[in-house]
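Each chain gets a letter, A, B and so on, in the order the sequences are listed, and its residues count up from 1.
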Amino acid sequence: MSNTDPNAGDRPTDESSVFNIVSDADPLTRKERLYRWLDIHLFTPYRIIRSDWRASFGIAMIALFVLVGTVVVRFTPYPRVGDHPRYAPPFQSLSYPLGTDYGGRAILPQLIHATPDMLIIAFSGAVVAMSIGVVIGIVAGYKGGYWDEVLMGISDVVICIPGLPLVIVIVAIFAPDSPWMVGFILAIDNWPGLARALRSQVLTIREESYIEAGRAMGRNSGEILWDDVLPQLMPYITIRSAGAARGVIFQSVGLYFIGVLPASGLNWGVMMEEAYNTGSAVSNPGHAGHWLFAPMIVLLLMSMSLILLSQGLDRIFNPRLRARHEKTASEKDDLDADLHS
Amino acid sequence: MRYFAKRVGQAIVTIFAATSLTFVLYRLMPGGPVEALRQEYMSGERDFASGGAGRDPEEIDRLIEFHTGITPDQPIHIAYYEYMRDVLLYQDFGMSYYYGEPVFDILFRAMPWSIFVSVYGLLLGFAITIVLGAVMAFKEGGRFDKVMTVAIIILDSIPYYVAAVLMLATLAFGLGWFPTGGRAYPDAIPGFNLYFMQGVLHHGTLPILSGMVVGFGSGALAMRANSIRVMGSDYLRVAELRGLKDSRISIRYIGRNAVLPLYTGFMIGLSSIFSSSVIMERIFTYPGVGWYTFDALIRNDYPLLMGAFIFFTVITVFCILIADLTYGFIDPRASTENKESY
């Protein structure tokens with residue numbers, strides 16, 4: 001042991017060299033990992049929603065609409081002409097709580113049976129509008145130059161073309177009767193604003209150093225956009241989707257209301273149109289007002305819950321709020337706070 | 001200068017694109033008006049005069065030409081050239097088959113009314129939005145701020161046509177304060193006389209108020225957020241230290257910078273308010289371009305429908321162009337764009 005260094009005892013051995021130490025904490029057990037995953041994806045959003053009445057109201061209302069549109073509608077008998085007395089006012093009988101229309105059909109089951117179609121219109125419209133808006137906005141913002149000019153030029157042209165008259169021209173020619181088609185057509189009017197907004201978001205992201213690193217590594221634009229840019233934008237896209245759904249609902253009900261879209265089946269807009277024209281609910285609200293106002297209130301509730309939902313989503317994705325509500329991640333923050341205090 | 005040239009060029013491209021779009025929708029789409037009419041005639045569905053099927057094809061062609069202004073057997077590129085030439089150079093949109101008048105004349109007479117109602121509605125809505133947002137930012141966190149935030153969310157949930165119907169039911173039918181339709185007193189002589197203008201204002205109030213609903217709403221929250229952000233800036237402290245007057249700081253320093261981001265919203269608002277006039281004018285029976293659009297749709301008056309669409313596009317493009325060009329004056333940064341291209 002001639003080469004024994006007197007300081008050898010202080011030096012770390014190979015097994016415990018600094019490069020081998022991963023963490024001084026014990027590795028997480030499966031249970032802990034599951035808890036952490038649940039905390040990030042379920043409990044934290046739930047806590048944030050609970051702490052904010054707007055978000056909880058919005059999400060509860062949307063859930064209720066989906067429940068009505070999928071489950072309740074199956075257990076509600078389809079309203080038929082002659083079921084009940086004609087033009088019965090609301091709150092008179094349990095068998096027609098919201099009153100009846102000119103043919104004695106109860107208002108409440110009409111509203112319920114209209115819900116699935118409205119949900120489909122909102123869903124398909126939002127999905128189509130978001131897809132077009134995301135592709136055009138992200139590519140234009142990231143690529144810049146020629147691509148940006150062309151794609152934003154197209155968006156600006158579409159913004160300048162007034163949406164409803166265009167939709168009316170298209171409807172006059174095609175007369176769509178499937179709710180999927182209606183949502184699809186209404187999306188034409190809704191994507192350019194999204195594309196513009198997303199473009200300006202991408203303009204700041206594209207200057208980030210990790211994007212530049214990706215480019216330096218020779219990854220192609222498609223990969224960078226899909227892997228690095230899009231996930232950054234997901235919260236914003238989700239929030240805007242709720243807004244797009246609301247825009248599509250507004251327009252579709254409005255078009256059904258003035259009778260531009262062909263009336264097929266039960267629909268809030270068609271109910272309003274019938275109440276307006278057949279029941280002359282506007283000039284004589286005491287007689288048929290309930291028939292007109294019931295779908296209006298439901299529409300209002302839906303639109304309000306979509307606004308609140310998008311605000312709630314904003315909160316869920318907001319990193320500062322998240323940190324305050326996350327249990328598993330907050331220890332480090334507390335430590336930092338202790339150090340700085 | 002390049003900025004202006006680009007904007008004007010874009011406006012021209014938009015009008016050109018919209019006109020081409022109507023042509024494509026009108027002529028090339030399967031199941032378009034020509035085919036639909038032809039089928040109706042073939043099956044005898046639309047025969048009022050001859051009382052039976054079996055018209056010869058030539059007569060059907062002539063009937064279609066009469067109803068749509070389209071010569072069916074013309075080659076498509078010649079038809080496109082003629083259509084664009086007529087619309088863009090001669091402002092010839094064809095004849096309305098229901099009114100028996102040139103489409104341009106009908107719509108040109110209706111246009112000022114639509115612009116009057118829409119632009120006033122939007123400006124009014126915007127003014128309220130800005131003032132309200134600024135006041136909310138000033139009293140941030142206070143009771144007024146909290147109450148108004150909730151009130152704005154509720155107001156924002158009301159579609160403009162619902163607001164229109166409610167106003168019509170209460171203010172016009174219920175209380176009788178406003179007329180239920182039309183655009184001026186029927187016995188007034190159009191021109192610069194008090195009675196006529198009073199009537200115009202009286203009839204326009206409800207459409208303007210419901211147009212306000214389109215321009216109003218979430219904009220106030222955006223204005224509030226912008227103002228709060230601007231209020232935190234350093235240059236405002238400097239301005240205060242320099243001893244500038246409060247009014248100057250709030251209008252020139254905060255107001256101007258906070259309004260800038262809303263300006264783009266204003267442009268989209270212009271587009272959506274002209275869109276909304278189709279529904280609005282129908283509800284208020286206000287014969288503007290939107291009312292004729294609806295009327296043309298109900299009567300299958302295709303030349304009038306297409307003309308109305310082009311008219312709407314031209315009006316919107318024109319207003320957006322004005323807004324765009326003035327934006328260059330307000331925000332000098334708008335006219336300089338330099339960005340590296342990947």
Under the salt bridge (charged side-chain N to carboxylate O under 4.0 Å, His left out) rule, collect the residues that match up with R224(B), sequence neighbours excluded.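 Here the qualifying residues are D145(B).
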Could I get the full list of salt bridge (charged side-chain N to carboxylate O under 4.0 Å, His left out) partners for E212(A), not counting sequence neighbours?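 Result, salt bridge (charged side-chain N to carboxylate O under 4.0 Å, His left out) vs E212(A): none returned.
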Region of [X] that comes under 4.5 Å of a non-hydrogen atom in chain B:
| X | answer |
| --- | --- |
| V253(A) | both |
| L308(A) | side chain |
| M302(A) | neither |
| I307(A) | side chain |

What residues of residues 282-291 of chain B make heavy-atom contacts with chain A at a cutoff under 4.5 angstrom? R282(B), I283(B)
Heavy-atom contact with chain A under 4.5 Å, split by part of [X]:
| X | value |
| --- | --- |
| L297(B) | side chain |
| V150(B) | side chain |
| I279(B) | both |

Can you name the closest pair of heavy atoms from [X] and [Y] and give their distance?
| X | Y | result |
| --- | --- | --- |
| A296(B) | L305(B) | CB-N, 3.6 Å |
| C160(A) | T14(B) | CB-CG2, 3.5 Å |
| P165(A) | P162(A) | CD-O, 3.5 Å |

Does Y236(A), at its OH atom, have more than 12 non-hydrogen atoms belonging to other residues, nucleotides or ligands within less than 6.0 Å? yes
Counterpart residues, ring pair (Phe, Tyr, Trp, His ring centres under 6.0 Å), relative to F311(B) (two or more places apart):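 For F311(B), the residues satisfying ring pair (Phe, Tyr, Trp, His ring centres under 6.0 Å) (neighbours in sequence not counted) are F93(B), F104(B).
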Count the heavy-atom pairs under 4.5 Å between each of T316(B), V314(B), V317(B) and chain A, then report the option with the highest count. T316(B)
Residue, of F294(B), F309(B), F274(B), that accumulates the most heavy atom pairs under 4.5 Å with chain A: F309(B)
Would you call the rings of Y161(B) and F250(A) parallel, tilted or perpendicular, where under 30° means parallel and over 60° means perpendicular? perpendicular
